[in-house]
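To start, the structure under review is shown below, and the notes come after it.
Note that this is a predicted model, so its numbers are computed, not measured.
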Amino acid sequence: MVGETTAKSELRRAVLAARDEIPASERVRKSNLICARLLVALEPSLHVDADGGAMAGMPRSQAGGVFSGKAIAVYAAMRSEVDLGSFIRDAYAADAEVCFPCMTEPLENDRMPSDVPPETRTNVSRETFDPNQHESGVSGIAFRETPGAGQSEECCPPAQTPRLGHDVSQRPEMRFRRVLRAQYGLGAIPFLAKPMKSFPANDPALSDYPIADAADIDVVIVPLVAFDEGFNRLGYGGGNYDRFLAHVRPDAVVIGVAFSEQQVECIPLEEHDLPLPLIVSA
């Protein structure tokens, strides 16, 4: 969080406090609804009932043709985050390769480049996701109108603030690792049990979980601290997803998830900030 604006830090504290205040039972309900809406976003022919508990005319285990053989980057929820458990189980049931983030101290010759020009970073194309394929007014699934475009100057123009301390040469990196369905079912996965821990790259505890290269990821589900109607996102301040998303394929599907309580009027922007192409909320 070194070098970011005070406005971002203050907004992060406020929104996280509001998210923590959502009753646990309501977080469970909303999380399940978001998981169901993720399936709809990935497969527009599916439909979700008002509670997000049923796919019209199709068992959830069959609602994953789009998943088969795909590498999907998810996350294990911490604290009051959106819980992707239902979506993860559906992905496994549909024979997807499910990958989770692991903070890693990389070897010197195994670093992901840290500085990528914003114009080269991934955005989902209209050919990948077309809002017109969805029923009009699908609640909780929002597409950015012009993927790849810059920020709107009408809402939170870039502050032109230099990203001080952006040298990440000494920082751990977020690398995604493949976790098999049986491994996930057994639990005790070290980087899921301790998601904030930084593991040495050659740690034997990680040997059963191979790294998924960013270029191999087909779908990335991104946790949000806050978002606005311009599809701008506020993360936790470490820049981990910013750096990872800079290296996914141009045709990769990137979807942000958050509770509706996390939507704010305007995210304070800096020069390096880019909007997401798609946000799913409830």
(request) Apply salt bridge (Lys or Arg N to Asp or Glu O under 4.0 Å) to D242 and R233, showing your working. (result) CA-CA 10 Å; D242 288 334; R233 64 174 285 267; 3.3 Å; yes
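- Across P101 and V74, no two heavy atoms sit closer than the pair CD-O, 3.2 Å.
- Residues passing the side chain to side chain contact (heavy atoms under 4.5 Å, CB included) test with K194 are K197, sequence neighbours excluded.
- The structure places CD1 of I34 at 8.0 Å from OG of S260, a figure rounded to the nearest 0.5 Å.
- With sequence neighbours left out, the salt bridge (Lys or Arg N to Asp or Glu O under 4.0 Å) criterion links E26 to R29.
- Between K8 and D273, some side-chain heavy-atom pair lies under the 4.5 Å cut-off.
- Proximity of L84 to L38: side-chain heavy atoms (C-beta onward) are separated by under 4.5 Å at one or more points.
- Of all heavy-atom pairs between V220 and I217, the closest is CG2-CG2, 3.5 Å.
- Side chains of L276 and Y241 form no contact here, defined as non-hydrogen atoms less than 4.5 Å apart.
- The two residues D228 and E265 have their closest heavy-atom pair at CB-O, 3.8 Å.
- In terms of modelled atom types and a separation under 3.5 Å, the side chain of Q262 and the main chain of F259 share a donor-acceptor contact.
- Taking R19 as the reference, S80, Y236 meet the side-chain hydrogen bond (donor to acceptor under 3.5 Å, both in side chains) condition, with sequence neighbours excluded.
- For D218, the side-chain hydrogen bond (donor to acceptor under 3.5 Å, both in side chains) partners are R249, not counting sequence neighbours.
- Applying the salt bridge (Lys or Arg N to Asp or Glu O under 4.0 Å) test to E261 and every residue at least two apart in sequence or in another chain returns K30.
- Considering only residues two or more places apart in sequence or on other chains, R178 meets the side-chain hydrogen bond (donor to acceptor under 3.5 Å, both in side chains) condition with E97.
- Using a 4.5 Å cut-off on side-chain heavy atoms (C-beta onward), V280 and V82 make no contact.
- One distance of note links CZ of R243 with CZ of R175; it measures 12.0 Å at 0.5 Å rounding.
- Nearest heavy-atom pair across S281 and R37 is O-NH1, 2.8 Å.
- Once rounded to the nearest 0.5 Å, the distance linking CG of L206 with OG1 of T104 reads 6.0 Å.
- Considering CD1 of I267 and CZ of F231, their distance stands at 13.0 Å, rounded to 0.5 Å.
- Through direct or relayed side-chain contacts under 4.5 Å between Ile, Leu, Val, Met, Phe, Trp and Tyr, M196 connects to M78.
- Taken to the nearest 0.5 Å, the CD1 atom of I211 stands 11.0 Å off from the SG atom of C99.
- Side-chain atoms of V222 and L245, non-hydrogen and from C-beta on, do get closer than 4.5 Å to each other.
- Partners of F100 under the ring-ring contact (aromatic ring centres under 6.0 Å, His included) rule, at least two apart in sequence or in another chain, are Y184.
- For F176, the ring-ring contact (aromatic ring centres under 6.0 Å, His included) partners two or more places apart in sequence, or in a different chain, are F244.
- Looking at residues two or more places apart in sequence or on another chain, you find a ring-ring contact (aromatic ring centres under 6.0 Å, His included) between F191 and Y209.
- Counting all heavy atoms, side chain and backbone alike, A41 lies closest to L278 at CB-CD2, 4.1 Å.
- At least one side-chain heavy atom of V40 sits less than 4.5 Å from a side-chain heavy atom of I141.
- Residue pairs meeting the salt bridge (Lys or Arg N to Asp or Glu O under 4.0 Å) criterion with at least one partner in residues 74-85, sequence neighbours excluded, are D20-R79.
- For D216, there are no side-chain hydrogen bond (donor to acceptor under 3.5 Å, both in side chains) partners at least two apart in sequence or on another chain.
- Using a distance-only test at 3.5 Å, with no hydrogens or angles considered, no donor-acceptor pair links the side chain of S25 to the main chain of P23.
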(request) Could you please spell out the steps behind the side-chain contact (heavy atoms from CB on, under 4.5 Å) verdict for V98 and V179? (result) CA-CA 6 Å; V98 182; V179 175; 5.8 Å; no
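- No side-chain heavy atom of Y92 sits under 4.5 Å from any side-chain heavy atom of I72.
- N232 CG to L269 CG: the interatomic distance, rounded to the nearest 0.5 Å, is 4.5 Å.
- Closest of all the heavy-atom pairs between F87 and I221 is CE2-CG1, 4.0 Å.
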